[in-house]
Amino acid sequence: MTLRLRINGNDHDVDCDPDTPLIYVLRDALKLKGTKLGCGLEQCGACAVLVDGKVTMSCVSAVDSFQGREIVTIEGIADTQEGRRVQAAFVETSAAQCGYCTAGLVVAATGLLMDRREADNETVKQALAAHLCRCGSHPRVLRAVQRAMAAG
Amino acid sequence: MSLKTSPRIADWLTARDGRLVVHSGKVDIGQRISTALVQIAHEELGVPFSEIDVAPVRTDEAPDEGITSGSNSIEQSGHAVRMAAATLRARLVAWAADGIGGAAQDWTLRDGLLTHAATNRSLKIVEVMAQLDPDLPVDPKAIAAPVQDAFPGAAMRGLADMVAGRFDFIHDVDVPGMWHARVVRPPHAAARLRSVAPQVRADLEDEGARVLRDGSFLAVAGVSEWQTVKAALRLARACDWDAGAGLPETDVFAAFAPENARRLMVIDGTPQDIPVPEPLADPDHVARFERPYLMHGALGPSAALAVWSDDLLSIRSHSQGIYPLRDSIADSLGLRLDQVQITHQPGSGCYGHNGADDAAFEAALIATLMPGTPVLLKWTRDEEHAWEPYAPAMATDLAVTLSQGHQISALSAEVFSDTHRGRPRPGPDRAGAGRLLSNRLRATPVPPPPPLPNMNNHGGMHRNLEPVYAIADRRLVKNLMPGVVHRTSALRCLGATTNVFAYESMMDELALRAGESPLDYRRRHLDDARALSVLDALAERMRARPAPTGDGTGRGIAYAQYKNQMTRVGVCVDLAVDDLGQVHLHHVILVADAGRVVDRDGLCAQLEGGFLQGASWALYERVTWDRDGITSRDWDSYPVIRFDNIPDFDIRLLHVPGAPSVGAGEASPGPAIAAIANAIHDATGLRLRRMPFDADSILRQALAD
């Protein structure tokens, strides 16, 4: 069936099964491959996108539940002021190693910045606790988030 | 090794389209080796970072540097590129002085130009390169450019794309006509496929999927990724497996005993097949340290793209060893080496031999059954957790005799482990093919080769079994325990993880027994000036930050030098243990001496990342299983460190410009684990000797004490 999704400010009509998890539609049908699949269980955060401004995992929930919502993926994150600040801060602090978790973390950090102008390190840690990084880039990610907040 | 197999300058450095291209056989797995190589080429040749590319790592094109492992990339590829670039610099200057005029010292290399100082005449370096003999050999003793602290560091390659979601991982490949594939796995390694319900198979094929079977290897392919995922679930439900005897529910730590093992003496870090002397008669201190099976646990499951077309099998893989993998796949499929081409494409961080090679072979196997169709195979989270080759469980038994004044006079160390060497690479008994997972399942299986002891200096389980401390009387024994339970292979640090954990815990115990500070007790057993400098710097930072004094808080230190010849690391950890037995990491001081520093920021990233991986092993990670299969199959059943337990870091690098650059990627996990164990002891009085130090272990030990 055909579903209408609003992604990064544009409407997309997608022909797919309504039970398809959002991430497969993003990556396979729309070729938006910046969003990463890590577990398919909502346990690792690699697949995070913003839905109506809230950080949301895209690997389990069916695509039909996202109709009428405003979805922002990593490809659209630079369209927001917060997203640009986060991206710049990640680059300035070298906040990645292999980079597989990075897109999800940039999205999550952007969501955090949209939510609040400042937060102490403990609050940021709790906010990112749903996201795994296996290389150990965490300290740099935490610095990047503080830097992005300070730049606001 | 690198310069022996690839001796020409042009093997490492070429010019293309007005740009300098660096070639290497080492692959970038997030450790930033490509950034470091660009930094080295820039330092030697004065070509701007923006005008330097790194060539794709592809069989038949890249230098064959074996496997990207052992923290060797900077010493092997880094050294080769530095010597190639230094030779090239001398040749460029000689060419200019001979052909154009002036003395050699009048020519400088800067901003991509070869410039004559007096006349200001400039030539583009990459254009002059084209004038030189393409077969010029690298001078392995070329004089490297002098160290200038003002070198601006190269930006991390790929980072700008990563933060924008544009970095191309293997998972993101999309080529015309590509199909997706998924494998249907047995319940566990001992099970074999009896049958697949024919109706389900027929239904799937009617719907456009392809079902592919070779013995107990079963896969499904389709055009749409999600439809293929669903098809694999339907196919899995249609399988009848013979579970055989199931997985052995062996207590591996109880099985680790000399009578079960192949025993070798380790002399100066190298195993020797000579009789093992009797244990110490009357040791003053005895302790065993253990770690469970661990997984690499890459964040992105393994994947590979393969296409079989015109008698050529082209594969894209995130393997760490494309040449040995090529040889192993060719052997598996009865192909000539020139019929298999592998190009490295990044996966997520691997930390050793994970599922990458197995996935590459499985994609190849599927592709050969679907000629002309590119096939992108992805493993699921469940598959990665259950089927990657694990790091072997280990135990290290220590015994020491103390002389007057608590000086260690004699040491016995026995390490027990299954093999750390499960990577596919050619060897006796079709070792390469036999180490590829799915060859065990095919209709004509290739069984795994019997593991042979790794006889290399500081190889395998005996990495860092040789203590860094000055102890004259040493009895070091390696005990190979093949086939205990699970398929095993290399994980970051190999045996150094457990051996450093063991030694550095023991040094703490002995310091307490002697009534000395852990720093001072280590100092008087060290005769390496650079080790003492690391401890001095650590002590200085520790004085600047007094030890925590609150309830349940503790401080612990550890020191190690990776392989006794690479980066030296001193660590101090402050933490707290709460009433539930949970450990909260607060602050880390880390001092390192990695010789001449190439990429300062990259080095710090490796040390931090290594610490956190060590902390994750120390506090959380453990593979679990029962008769019916692996039970740690996701991030809930196999927990790892998360953002809510990340400490603050204070990192100090001791820059030693005159010393060679040494690898650092595996230098910090071992000391991290030991420092955490020592800090837990400081906080609670509990001595944790088996990883992980999770809440269960801590509470159980608190009750037992």
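Note: hydrogens, waters and symmetry copies are ignored here, and every other heavy atom, side chains too, is used. We name chains A, B, ... by the order of the sequence lines, and we start the count at 1 in each one. Bear in mind the structure is a predicted one, so any value in this text is a computation, not a measurement.
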So what's closer than 4.5 Å to chain B heavy atoms on [X]: side chain, backbone, both or neither?
X	result
A78(A)	neither
L32(A)	neither
Y24(A)	side chain
D19(A)	both
L41(A)	side chain
V91(A)	both

Quick check against the 3.5 Å criterion: does [X] have a side-chain atom that pairs as donor or acceptor with the backbone of [Y]?
X	Y	result
R316(B)	I170(B)	no
E621(B)	L294(B)	no
S71(B)	E666(B)	yes

Presence of salt bridge, [Y] and [X], under 4.0 angstrom:
X	Y	value
K33(A)	D174(B)	yes
E122(A)	K125(A)	yes
K230(B)	E207(B)	no

Measuring heavy-atom distances to chain A, does V173(B) have an atom under 4.5 Å in its side chain, in its backbone, in both, or in neither?
->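 Backbone of V173(B) only, per the 4.5 Å heavy-atom cut-off to chain A.
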Side chain, backbone, both or neither of Q31(B) within contact of chain A (heavy atoms, under 4.5 Å) =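 Neither part; nothing is under 4.5 Å.
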Residue, of [options], that accumulates the most heavy atom pairs under 4.5 Å with chain A:
options	value
L159(B), D161(B), V163(B)	V163(B)
G158(B), A160(B), P647(B), G297(B)	G297(B)
A605(B), G349(B), G602(B)	A605(B)
E225(B), R166(B), M156(B), H180(B)	E225(B)
D644(B), L612(B), I646(B)	I646(B)
F649(B), F167(B), Y351(B)	Y351(B)

What residues form a ring pair (Phe, Tyr, Trp, His ring centres under 6.0 Å) with Y390(B), not counting sequence neighbours?
->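 If we apply the ring pair (Phe, Tyr, Trp, His ring centres under 6.0 Å) test to Y390(B), skipping adjacent residues, the hits are H486(B).
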Partner residues of H344(B) under the ring pair (Phe, Tyr, Trp, His ring centres under 6.0 Å) criterion, sequence neighbours left out =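 Partners of H344(B) under the ring pair (Phe, Tyr, Trp, His ring centres under 6.0 Å) test: none.
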Between [options], the one whose heavy-atom pairs under 4.5 Å with chain B are most numerous:
options	result
R140(A), R143(A), Q97(A), R134(A)	R134(A)
A88(A), A103(A), P139(A), G40(A)	P139(A)
A29(A), C16(A), A95(A), A96(A)	A96(A)
G83(A), A129(A), G34(A), C44(A)	A129(A)
C133(A), C135(A), S137(A), G136(A)	C135(A)
Q43(A), Q126(A), E75(A)	Q43(A)

Could you tell me which non-hydrogen atom of [X] sits nearest to which non-hydrogen atom of [Y], and how far apart they are?
X	Y	answer
Q320(B)	G352(B)	OE1-O, 2.8 Å
I29(B)	T68(B)	CD1-CG2, 4.4 Å
S632(B)	M295(B)	O-CE, 3.7 Å
L653(B)	C604(B)	CD1-SG, 3.9 Å
G347(B)	C98(A)	O-CB, 4.5 Å

Report the C-alpha separation of T35(B) and D599(B) in whole Å, then their side-chain angles, then the decisive distance to 0.1 Å, and conclude whether the side chain to side chain donor-acceptor pair (under 3.5 Å) test is met.
-> CA-CA 8 Å; T35(B) 304; D599(B) 172 8; 5.1 Å; no
Is the shortest heavy-atom distance from the side chain of F90(A) to the side chain of L105(A) under 4.5 Å?
->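 Result yes, sub-4.5 Å side-chain heavy-atom pair found.
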Chain A contact residues among residues 375-385 of chain B, heavy-atom distance under 4.5 Å |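 Hits under 4.5 Å: K378(B), R381(B).
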Let me check something: any side-chain donor-acceptor pairs from residues 46-63 of chain A under 3.5 Å, sequence neighbours excluded? List them with distances.
| from | atom 1 | to | atom 2 | distance (Å) |
| --- | --- | --- | --- | --- |
| D52(A) | OD1 | E70(A) | N | 2.8 |
| D52(A) | OD2 | R69(A) | NE | 2.9 |
| T56(A) | OG1 | K54(A) | O | 2.9 |
| S58(A) | OG | C47(A) | O | 2.7 |

